[in-house]
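What follows is a single structure, written as structure tokens, with notes after it.
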Amino acid sequence: MDFPPSPKVERDGEKEASLSSVTNGGKTTLAKNLQKHLPNCSVISQDDFFKPESEIETDKNGFLQYDVLEALNMEKMMSAISCWMENPRHSLVSTDRGGAEETPILIVEGFLLFNYKPLDTIWSRSYFLTIPYDECKRRRSTRVYEPPDPPGYFDGHVWPMYLKHRQEMESITWEVVYLDGTKSEEDLFSQVYEDLIQELAKSVGK
């Protein structure tokens with residue numbers, strides 16, 4: 001895949017955080033909880049950029065190849081991120097105190113954020129939720145997808161692609177905070193929220 005250039009914009013004290021995981025790892029729920037509690041926080045979801053089913057390739061087993069970068073319109077997603085970075089303060093809620101409360105935050109959540117090179121230089125903070133095979137398969141079975149998962153899809157496509165992408169992540173040169181996705185929503189929220197608040201405090205103190 002040919003990669004477009006990374007966004008080149010003036011940074012104005014904003015923070016961009018990535019939140020990734022295997023399918024059904026809890027990233028979307030966590031991102032929404034953070035958005036509710038962090039002032040001036042926006043969320044972009046990678047799932048919003050899937051290509052139409054007619055453009056998704058199939059493998060030799062007839063499985064639709066959804067768990068690969070080629071199934072996503074990453075250029076469109078990069079454009080959305082660039083638009084936010086160019087004007088991160090458009091929805092800023094001003095406070096009398098200033099400081100961390102006035103730092104715009106963008107959380108990008110998705111299952112393939114660390115495997116797309118143009119995003120490498122964007123993140124101020126990176127998180128990855130992990131869950132074991134059995135729990136992932138159980139959660140996947142409770143979800144309704146369109147098109148629905150055919151028999152054998154999880155073991156024949158979803159999990160192998162996850163393992164492939166996790167192996168690719170071993171070459172990452174920046175810090176990724178790994179989270180235990182089997183913890184409660186409240187515990188995960190508290191851990192990431194406190195970490196982000198500390199990160200914001202550092203930037204304000206500079």
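Only a predicted model underlies this, so the values are computations on that prediction, with no experimental measurement involved.
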Are M161 and L64 linked, directly or through intermediate hydrophobic residues, by side-chain heavy-atom contacts shorter than 4.5 Å (ILVMFWY only)? no
Using the rule ring pair (Phe, Tyr, Trp, His ring centres under 6.0 Å), only one of F63, Y66, W159 pairs with Y153; which is it? F63
Is it the case that D47 and S45 place a side-chain donor and acceptor less than 3.5 Å from each other? no
Count the heavy atoms of every other residue, nucleotide or ligand shown that sit under 6.0 Å from CD of E57, and state whether that count exceeds 12. no
Centres of the F154 and Y133 rings: under 6.0 Å? yes
Charged N-O contact under 4.0 Å between K51 and E70: no
When you measure from the side chain of S190 to the backbone of D187, do you find a donor-acceptor pair of N or O atoms at a distance under 3.5 Å? no
Under the ring pair (Phe, Tyr, Trp, His ring centres under 6.0 Å) criterion, do H37 and F189 qualify, and how do the steps go? CA-CA 10 Å; H37 293 87; F189 165 77; 4.7 Å; yes
Salt-bridge test for D155 and K137: reply yes if a basic N is under 4.0 Å from a carboxylate O, no otherwise. yes
For Q65, does the CD atom sit with more than 12 other heavy atoms under 6.0 Å from it, leaving out its own atoms? yes
Taking G110's backbone N and O only, do any of them form a donor-acceptor pair with S20's side chain (distance below 3.5 Å, no angle check)? yes
Report the distance from atom CG of L179 to atom OG1 of T130, rounding to the nearest 0.5 Å. 7.5 Å
Short side-chain to backbone donor-acceptor contact, E109 and V43, under 3.5 Å: no
Side chains of R140 and T23: donor-acceptor distance under 3.5 Å anywhere? yes
Heavy-atom count around E55 CD within 6.0 Å, excluding the residue itself: above 12? yes
Donor-acceptor pair between D195 and Y127 side chains, under 3.5 angstrom: yes
